[in-house]
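Numbering starts at 1 and runs along the sequence shown.
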Amino acid sequence: MRRLGAYLLMGLTVGWLLTGCSDSDVADKATPPDILDCFNNEGYAYLSLDIEVPADNTMRAVGTPENGTGESDVKTVTLILFHGASTDGEDAVTVCSSYVIGSPSTTTIASGLIDKQVDKRTVRISNKNINAGDRLYALAVLNILPTIADGTSFSDVKTMSMPDIGNKTDGFAMANAPLSSKAGDTSNPSGATVTTLVEIPSTSIKDTEDAAAGVPTAIYVERAAVKVTAGIPEGKDSIKLNNTGKDLQKTDIAVALDRYNTSYHLTRQFDKSWLGYRATSAGSTYTYRMVEASEMQTGAGVYRTNWGKDANYDADATDLSGITDFVTLDNNPLYYCAENTFDITRQTLRNTTALIVRIKVYDGDFYTVSVEGSLVYTPDDSENTEEGTSASESFARRRAASDDKINSYLVDWLAGQPEVKTWLDTHAEGNKKWLKVEIGTPDTPEAKGVCTVTVSQTRHASDSPENIEFLALYDGLNGYVNSKLTIKKYTDGYCYYRVPIKHFGDSLTPWVTGDYTAENHLGRYGVVRNHWYDTTIEAVNRIGEPVIPPADDTRDDSAEEALSLRVAIMPWLDQSQEIKE
């Protein structure tokens, strides 16, 4: 953030020390006083703060439940003051004092480019640990009470690990947002100053509360929490299961959150080397995605930054939380978690916060069969060859199956294989009833719902050796069958999808297969504090997996997506995602 009222230092008279910085004093002086001269002879003065809090109404998309209430409540404010020489960088300044401030004097909703709640507070501060010639900086921490020793550098404070993001009852944790001195979007913000602490000009430190209230210091804060919600399009009660005409009700669709952080740094970490990262849009126009185009407020001269480093950023995440309980869409799923970001080399499913979508497509167990890689279900019926399912209500029309039993379908397929057909014609009067197919149970996570098929023969009435030694004659039959067929069991009629949550998404980080450069794709996936990721499931066009897809080292964009997402960024900031084929 730009420095608010930074001034050249100069020598001052003893009278300043005795009277404090009254309005008349300022009028009489050509240059603002040294910070120390603003405190009375007992070492105290007053400071007024305008704490700019994102308002609740920026947390709700049109048509979603009013679950935003309470997300911007301010219960407590801890003001941490830092001091340092004029030559000190932000990381080098140290804590000189801390204050827990009482109830706000006024609370208003301001109308600006970004809606916010202005929490006005006045606090009496002391000159403890401040030296002549120092500059003074402020960090506001809301709704949590961190214990920070005097003398601690800001570089240590900002990376403190905080274990609790808060909640709507006690208030969400908030702290200063890192802001840029230059705009982004179509402007190149490279070379901008990015600061988190707010400098307090000496002219804002007064000898009375009333005088301080007239020159407040603005501090823009952001929530530590990430918000994730899910639903179907507004105004709809159901969505289509494509190619079947079946309607999926909200009760048929459930979601859970996976691979999310529970701890976070006290403030968001922004790396200035990202400022020049851009994505090509139309023609030769570039979008510099890491900084917003509009000021936080007209005339403020500061702009919101759009990415950050969490505690796991440049290390493989091993301590992310596992899958939450599934919540059906009719119960309005809502999750809060800490931010989870990563560098471009770690853009893999193992590191990425994701929604697990579970859809009930059939009442009871069912199986699907793929032959030599041909999916049992594809959006285009013309692509279906030698396929079958155990349930007529499931995704594709059965073409090769003679009935709706998986075993019957497999016997039909097996009897049509040339070597097997020759054996049947020669030794079993062409009757396929002498073939027996058994489907194993995929009872381990490693099986991923895939069943092993075992083929055997039953004795023919003639009792000749040829009729009972088919497996020996056709060595490797089971291996052959399992190499040709993939059979999946869908327990209780459920299928699953892993949906990595996109941050910048396709518009600001358009994907080019195999291009893993940071400038083009950093931030494509991930969840960043103070953002709302609202997912909308539009339709289901392809069957998912019979078990929850694993969070492995597969890159987020290397596999074909069963569900695609659309991402839009709005103030919470709000990430709206549309899930469809």
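Counting all heavy atoms, side chain and backbone alike, Thr328 lies closest to Thr251 at CG2-O, 3.7 Å. In terms of heavy-atom proximity, Phe172 sits nearest to Asn143 at O-ND2, 2.8 Å. A pairwise comparison of heavy atoms in His265 and Lys309 identifies CD2-O, 3.6 Å as the closest pair. For the residue pair Asp247 and Asp252, the shortest heavy atom distance occurs at O-OD2, 4.1 Å. Nearest heavy atom pair, residue Cys451 against residue Asn482, reads O-OD1, 4.3 Å. Taking each heavy atom of Leu334 and Thr229 in turn, the nearest pair found is CD1-CG2, 3.5 Å.
For Asp325, the CG atom is loosely surrounded, since the number of other residues' heavy atoms within 6.0 Å does not exceed 12. Heavy atoms from other residues, nucleotides or ligands lying under 6.0 Å from CG of Asp237 number 12 at most.
Annotation: side chain to side chain donor-acceptor pair (under 3.5 Å) contacts of Lys360 (sequence neighbours excluded): none.
Just one of Val226, Thr353, Asn312 meets the side chain to side chain contact (heavy atoms under 4.5 Å, CB included) condition when paired with Asn261; it is Asn312. For the salt bridge (Lys or Arg N to Asp or Glu O under 4.0 Å) with Glu545, the lone residue among Lys448, Arg358, Lys488 that qualifies is Lys488.
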Requested in this report: Please assess Tyr288 against Arg278 for the test side-chain hydrogen bond (donor to acceptor under 3.5 Å, both in side chains), listing each intermediate value before the final yes or no.
Outcome: CA-CA 4 Å; Tyr288 294 88; Arg278 63 189 185 181; 3.2 Å; yes
**Report entry** Pair Arg346-Asp316, salt bridge (charged side-chain N to carboxylate O under 4.0 Å, His left out): steps then yes or no
**Finding:** CA-CA 7 Å; Arg346 291 171 175 81; Asp316 288 333; 3.5 Å; yes
**Report entry** Pair Asp185-Arg289, salt bridge (charged side-chain N to carboxylate O under 4.0 Å, His left out): steps then yes or no
**Finding:** CA-CA 6 Å; Asp185 195 14; Arg289 63 184 178 275; over 6 Å; no
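The cationic atom of Arg555 (NZ for Lys, CZ for Arg) lies less than 6.0 Å from the six-membered ring centre of Tyr516 and within 45° of the ring axis.
Using cut-offs of 30° and 60° on the angle between ring planes, the pair Phe504 and Trp307 is tilted. Ring planes of Tyr494 and Tyr496: tilted class, angle from 30 to 60°.
Using a 4.5 Å heavy-atom cutoff, the side chains of Leu349 and Asp556 are in contact.
Checked by atom type, the side-chain pair Thr196/Arg268 shows no donor-acceptor distance below 3.5 Å. Side-chain atoms of Tyr336 and Glu71 form a donor-acceptor pair, as typed in the model, at a separation below 3.5 Å.
Expressed to the nearest 0.5 Å, how far CG of Leu142 lies from CG of Asn176 amounts to 9.0 Å. Once rounded to the nearest 0.5 Å, the distance linking CD1 of Ile537 with CG of Leu248 reads 9.5 Å.
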